[in-house]
Amino acid sequence: MKIFREKDYDAMSRRAAQVIAAEIAHNPACVLGLATGSTPEGAYKYLVDWYEKGFLSFTDVRSVNLDEYVGLSPDHDQSYRYFMRSNLFDHVDIAPENTRVPDGLAADTTAFCAEYDAYIRSLGYVDLQLLGIGRNGHIGFNEPGDCFVKETHVVDLAESTIDANSRFFATRDDVPKQAISMGIGAIMGAKKVLLCASGEEKADAIYNSVRGPITPKCPGSILQLHPNVVLVADEAALSKLIAAGVVK
Ligand code: GLP
């Protein structure tokens with residue numbers, strides 16, 4: 001695992017955007033696995049800025065997103081489709097038909113999940129998968145549990161995740177209780193993984209993912225088995241790895 005130690009959120013964002021831009025420069029028709037949440041917002045800002053300056057183009061890029069809340073329409077301002085449009089898709093030259101976000105309104109979620117995996121396979125899997133991480137170690141919405149789930153699936157969100165995400169909704173009751181998430185199979189099938197983290201509250205999840213036992217109780221720990229992971233994090237998120245001498 002290659003680890004970039006960055007001073008703060010902005011430096012983390014810039015470095016993460018550089019890794020994504022380098023992927024696009026290297027392979028203009030790459031498949032990007034994209035993530036939502038507060039963590040990648042800054043990286044998306046850099047990518048939009050560099051697109052506006054003419055440094056990169058998304059014309060031939062295809063994207064698949066990690067997850068979506070069950071029950072939210074694409075126009076709901078807390079849906080992940082809406083997030084992707086307002087943070088990236090509407091501001092760059094990516095073709096809308098080349099972007100996929102799980103359909104939170106799918107009537108038959110079982111069929112939808114199978115189709116989503118089939119689509120990812122049809123692309124030859126993801127070239128670069130961007131990941132944030134939950135405080136409990138979740139990646140995408142793969143919550144801690146008794147096993148790793150390989151396929152795209154419907155997840156019951158952990159109470160701690162509902163708590164963490166309630167900051168985006170008017171009340172805690174408004175937070176959806178379920179989501180559709182890409183499974184561990186598609187994440188591990190990516191040729192390269194870019195894991196990003198910022199802030200003290202991610203320090204345990206990052207330590208456990210990088211140095212803890214490989215266990216579904218910390219889904220991020222499976223990344224220790226991936227041959228090509230880049231971790232970009234600020235010093236607060238790396239603080240436990242720094243204290244343990246793992247990161248200089
Ligand atoms: C969310 C998303 C994840 C994200 C994580 C951390 O619920 N499903 O993809 O990585 O939780 O979010 P944040 O970056 O806002 O801390």
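Atoms within each ligand, like the ligands themselves, are counted from 1 in listed order.
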Can you report which non-hydrogen protein atom sits closest to [atom], along with the distance?
atom                    : value
atom 8 (N) of ligand 1  : Asp67 OD2, 2.9 Å
atom 4 (C) of ligand 1  : Thr36 O, 4.0 Å
atom 5 (C) of ligand 1  : His138 NE2, 3.4 Å
atom 16 (O) of ligand 1 : Lys202 NZ, 2.7 Å

Practice prompt. With rounding to the nearest 0.5 Å, note down the distance linking CG in Leu157 to CD in Gln178.
Written response: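 Going from the CG atom of Leu157 to the CD atom of Gln178 covers 7.5 Å.
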Worksheet item: What do you reckon, are the aromatic ring centroids of Tyr51 and Phe55 less than 6.0 Å apart?
Response: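 Between Phe55 and Tyr51, which both carry aromatic rings, the centre distance is not below 6.0 Å.
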Worksheet item: Thr161 to ligand 1: N or O pair under 3.5 Å?
Response: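 No, Thr161 has no N/O under 3.5 Å of an N/O on ligand 1.
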Worksheet item: Which part of Ser38 is near ligand 1, with near meaning a heavy atom under 4.0 Å away: side chain, backbone, both or neither?
Response: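 For Ser38, the contact with ligand 1 is made by both the backbone and the side chain.
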Discussion item. Please work out, at 4.0 Å between heavy atoms, whether the side chain, the backbone, both, or neither of Tyr69 comes within that distance of ligand 1.
Written reply: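 Tyr69 to ligand 1: no contact under 4.0 Å from either part.
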Worksheet item: Quick one: which of Pro219, Ser221, Cys218, Pro213 gives a side chain to side chain contact (heavy atoms under 4.5 Å, CB included) with Asn208?
Response: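 Among Pro219, Ser221, Cys218, Pro213, the one that satisfies the side chain to side chain contact (heavy atoms under 4.5 Å, CB included) with Asn208 is Cys218.
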List ligand 1 atoms under 4.0 Å from [X], heavy atoms only on the residue side.
X      : answer
Gly37  : 14 (O), 15 (O)
Ile133 : 6 (C), 10 (O)
Thr39  : 13 (P), 14 (O), 16 (O)
Asn165 : 7 (O)

Non-hydrogen atom of [X] closer than 4.0 Å to ligand 1:
X      : value
Arg135 : no
Glu201 : no
Arg167 : yes

Can you tell me if [X] and [Y] form a side-chain donor-acceptor pair at under 3.5 Å?
X      : Y      : result
Thr99  : Arg62  : no
Arg81  : Ser86  : no
Asp174 : Thr171 : yes

Item to complete: Using the six-membered ring wherever Trp is involved, compare the ring planes of Trp50 and Tyr46 and label them parallel, tilted or perpendicular (cut-offs 30° and 60°).
Response: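 Taking Tyr46 first and then Trp50, their aromatic rings sit tilted (interplane angle of 30° to 60°).
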Worksheet item: Taking the inter-plane angle between the rings of Tyr69 and Phe169 on a 0 to 90° scale, is it parallel (under 30°), tilted (30 to 60°) or perpendicular (over 60°)?
Response: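 Rings of Tyr69 and Phe169: perpendicular, over 60°.
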Worksheet item: If you draw the axis of the six-membered ring of Tyr119, does the NZ or CZ of Arg100 fall within 45° of it and under 6.0 Å from the ring centre?
Response: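 Judged by the rule, Arg100 and Tyr119 form a cation-pi pair.
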Fill in: NZ or CZ of Lys2 within 45° of Phe4 ring axis and under 6.0 Å
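Yes, Lys2 sits over the ring of Phe4.
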Fill in: Options Gly140, Gly134, Gly132, Ala179, ranked by nearest heavy atom to atom 3 (C) of ligand 1, top entry
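Looking at heavy atoms only, the winner is Gly140.
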